[in-house]
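Worksheet: the structure to be examined is printed underneath.
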Amino acid sequence: MSAAGAGLDVYGDVTFGIPDRLRASYRTTTYFNTAPDEPLQRWLTVGADGRVRAFAGKVEYGQGVRSGFAMEVAAELRLPLEAVEVTLGDTELVPWDLGTFGSGSTAYVGLQLRRAAATARQALLDLAADRFDLPTSELHLADGRVVAGGDDARSLGYGELVSDAYRRAEIPEGEVELTAPGEFTVLGAERGRVDAMERVTGAAVYSRDVLLPGLLHAAVIRPPSLGAELTALDAGVAAQLPGVVRVVHEPAGPGRPLLAAVLAESDEQALRAADVVQARWEERPGQPSRWDVPGILLDSARDTMLMQESGDVEAGLEASVRTLEATYYAPYISIAPMEPRAATARWEDGRLTVWAGTQRPFGIRSELASYFELPEAQVRVIAPEIGGGFGGKSIYPLALEAARLARAAERPVRVAFSRTEETQHSTFRPAALVSIRSGVDAEGRLVAWGYEAIHAGERALIGRRGSESPYAAPHQRTVVSSADSPLPVGSYRSLGAAVNHFARESHVDEIAAAAGADPVEWRRRHLEDRRYHGVLDEAVRRFRWSPAAPASGARDGRGRGVAVGIDVGSYVALCVDVEVRGQEVRVERVSAAIDCGLAVNPDGVINQMEGGILQGLGGTLTEAVEFERGVVLNPGFARYRVPRIHNTPRVDVGIVGDPQLRSTGAGELGIVPIAAAVANAVYDATGQRIRELPLQRQLEAVG
């Protein structure tokens, strides 16, 4: 809305959308762009029609942030939820944002939107005070109107207040008076998603649904294996096929990746022509297989980071009555989003617009502007709805491919991954190897804890997350190293936290079993942070866990397990019930508890917990990338076994915590402890202690 029009706009600073403690780590990673020097950004508009429009640089990929943001704005402005519209992920319209990851949307951007809405609330009260000739203390807001005193007849709608003039308000520095938890009517109440109907009916627009007039479809000629180099290309026959408009071949050069593609009027025509292109590749020699990964990690470990240290671990182990040493391994797993990536690009009058389902539209804008040597103001990136991201859609090479091809063809171009391409040419959750040494005294109390983790890849932040132990011990040392990786690695839901928790929470169970202690009670004895006790007690209550000595003798194939965790400032506990038959593990029931401070939308928190638990069961039981000589051997869902609907357990989620505390993340908590909880239950059911994922590949036949 321009200054010449009517309405109220609220401006404020740009936001990183990540915790202060992580900013330095993100800034030093070239994968992410840093905050630009930009003027104040518009966060919220009150229109002459009384509707409120909120703007955020985050994107929606299933986590429900659009609904949460709408609820936060509606709560501060005393509006019905349907009167709030939320615009996300369009670099021309929304405030700059680093990207949507790390469960930071509600914790940081949601808080900023609340501050913007509270600023608008005060501005509306000031406008109404002038109109009513009353102090603001005698006014209140209700249902989209400012009401004078208790007389409902004397009220003005928000649209009426802003219809005569344009007003700009700025979010003040320091504290803004937000609605207190005791006054909530919208926040903290379970609400359905505001975009549910569009998703259920198919009206939601995803990146591959963007079909512009004059659009060409691209079939990109991709290497058959990682690192293969194109040595010759013959597209003479392909160029003559029906519907083919052009064959593009731009060899690799400094700062320019290889790009070879067939452009046609339809997907089918492009793919048919690509099949007859004669491409000769020189493949990289000596590519390892999945069986080589543990040795590669051990041989190439480097860049060791000290995460936690107190006392002397070696002295503590010597003083311990009982010691335990074990190694845990997690293989690479695929991101496996339901929606393979796609991008559409259009050039008009020297301006570039790209529609891409990316988690970091501003980062992609910067990359495109740099590549084409354009001012960022001439590049617009729009992130439509996204069918799952889990960190993998932060990297989005299809955006650049579509832009290069659109410039070459002088027409809009769409590039879309097939399922095989999405897997073969994506990043993977890093493989990891974790060694733990522990010692306890005669009473079973933890004396020494030595933790050494090696995560594949160069990005240190992946392996660090979730590595610190929450258990009290006088002698502790936690270190994390990076290592060579035969596969490209990147973000995955919770980064390294899920793997680190699998190792730690499995080992804690081994300590409890060796000491003859109930695993819940052992944890209670050693967890000093009372928020852990809150989630553990709630999960145990819902599960109806009763203390029992470890099983001895014959097992009946049924077992229970427990694990706790922390991620992005939130706490979680899970109890699971499993049945093991032969080499199949069936998770029957999961009782969970989460403490994420203020739960903006409890329904959304529960949905995220359920989704994280179910996704985590894949990596726990069946998921592992098989590869040989740079080729992924199981790129499709026929062989890469993600959980199906018949694998879904009954999930019961409790939300605990103090609503006075600011919201922290809920999107990644479910996946963090699930592997350990299930592995511990499998031990309870079978007596087999499995230290390598996925469990079903390692399980000896039972029953």
- Task: Take D509 and S506 through the test side chain to side chain contact (heavy atoms under 4.5 Å, CB included) and record every step on the way to the result.
- Result: CA-CA 5 Å; D509 248 55; S506 294; 5.8 Å; no
Can any side-chain N or O of [X] pair as donor or acceptor with the backbone N or O of [Y] at less than 3.5 Å?
X	Y	answer
R493	I335	no
Q308	S469	yes
T664	C596	yes
Y451	V479	no
D652	S591	no
T106	G110	no
K58	V109	no
E668	S494	yes
Q63	Y61	yes
Q476	E309	no

- Task: Scan residues 514-540 for pairs that pass ring pair (Phe, Tyr, Trp, His ring centres under 6.0 Å), counting only residues two or more places apart or in two chains.
- Result: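 Every ring pair (Phe, Tyr, Trp, His ring centres under 6.0 Å) pair that includes a residue of residues 514-540, provided the two are not neighbours, is Y471-W522, W522-H526, Y532-Y571.
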Minimum heavy-atom separation for [X] and [Y], please, with both atom names.
X	Y	value
K393	G388	NZ-O, 2.8 Å
V540	R524	CG1-NH2, 4.2 Å
P430	I462	CG-CG2, 3.6 Å
R504	P470	NE-CD, 3.4 Å
V600	G68	CG1-O, 3.8 Å
A453	V434	CB-CG2, 3.9 Å

Can you confirm whether [X] sits close enough to [Y] that some side-chain heavy atom of one is under 4.5 Å from a side-chain heavy atom of the other?
X	Y	answer
R650	V590	no
S426	P488	no
R531	L661	yes
V440	V321	no
V587	D577	no
L598	P181	no
R322	D441	no
P486	Y332	yes

- Query: What orientation do Y328 and F502 show, parallel under 30°, tilted 30 to 60°, or perpendicular over 60°?
  - Reply: perpendicular
With a distance cut-off below 6.0 Å to the six-membered ring centre and an angular limit of 45° from the axis, does [X] pair with [Y] as a cation-pi contact?
X	Y	answer
R477	W449	no
R662	Y108	yes
R589	F543	yes

Straight-line distance of [X] [atom1] to [Y] [atom2], nearest 0.5 Å:
X	Y	atom1	atom2	value
L111	S105	CG	OG	12.5 Å
E505	N500	CD	CG	11.5 Å
T620	I690	OG1	CD1	11.5 Å
L621	R697	CG	CZ	12.0 Å
L487	R429	CG	CZ	13.5 Å
E318	H475	CD	NE2	10.5 Å

- Task: Decide if atom CZ of R629 counts as having more than 12 heavy atoms of other residues, nucleotides or ligands within a radius under 6.0 Å.
- Result: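 Result for CZ/R629: open.
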- Item | More than 12 heavy atoms from other groups under 6.0 Å of CZ on R544 | no
- Please walk me through it: do D537 and R523 pass salt bridge (charged side-chain N to carboxylate O under 4.0 Å, His left out)? CA-CA 11 Å; D537 291 348; R523 285 174 169 83; over 6 Å; no
Side chains of [X] and [Y], donor plus acceptor under 3.5 Å:
X	Y	answer
D567	H501	no
Q698	Y329	no
Q688	Y683	no

- Query: Pick one: which of E314, H507, E325 meets side-chain hydrogen bond (donor to acceptor under 3.5 Å, both in side chains) with R437?
  - Reply: E314
- Message: Between E579 and R581, does the salt bridge (charged side-chain N to carboxylate O under 4.0 Å, His left out) criterion hold? Intermediate values first, please.
- Response: CA-CA 7 Å; E579 181 180 19; R581 290 290 177 261; 3.3 Å; yes
- Message: Evaluate V578 against E588 for side chain to side chain contact (heavy atoms under 4.5 Å, CB included), listing each step before the verdict.
- Response: CA-CA 5 Å; V578 307; E588 301 280 357; over 6 Å; no
- Message: The test is side chain to side chain contact (heavy atoms under 4.5 Å, CB included); show your working for I613 and I671 and say whether it passes.
- Response: CA-CA 5 Å; I613 288 167; I671 203 171; over 6 Å; no
- Message: Is there a salt bridge (charged side-chain N to carboxylate O under 4.0 Å, His left out) between E521 and R525? Walk through the geometry before answering.
- Response: CA-CA 6 Å; E521 292 305 319; R525 290 174 64 192; over 6 Å; no
- Task: Could you list the residues that satisfy salt bridge (Lys or Arg N to Asp or Glu O under 4.0 Å) with E692, not counting sequence neighbours?
- Result: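 Salt bridge (Lys or Arg N to Asp or Glu O under 4.0 Å) list for E692, sorted by chain: empty.
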- Task: Could you walk me through whether E510 and R691 pass salt bridge (charged side-chain N to carboxylate O under 4.0 Å, His left out), step by step?
- Result: CA-CA 11 Å; E510 296 195 46; R691 302 184 180 95; 2.8 Å; yes
- Is the shortest distance from a Lys or Arg side-chain nitrogen in D658 or R530 to a carboxylate oxygen in the other one below 4.0 Å? no
- Taking only residues two or more places apart in sequence or in another chain, which ones pass side chain to side chain donor-acceptor pair (under 3.5 Å) with D484? R302
- Pair N647-R641, side-chain hydrogen bond (donor to acceptor under 3.5 Å, both in side chains): steps then yes or no: CA-CA 11 Å; N647 302 125; R641 302 296 292 178; over 6 Å; no
- Could you check L614 against T648 for side chain to side chain contact (heavy atoms under 4.5 Å, CB included), going step by step and ending with a plain yes or no? CA-CA 7 Å; L614 184 58; T648 305; 3.9 Å; yes
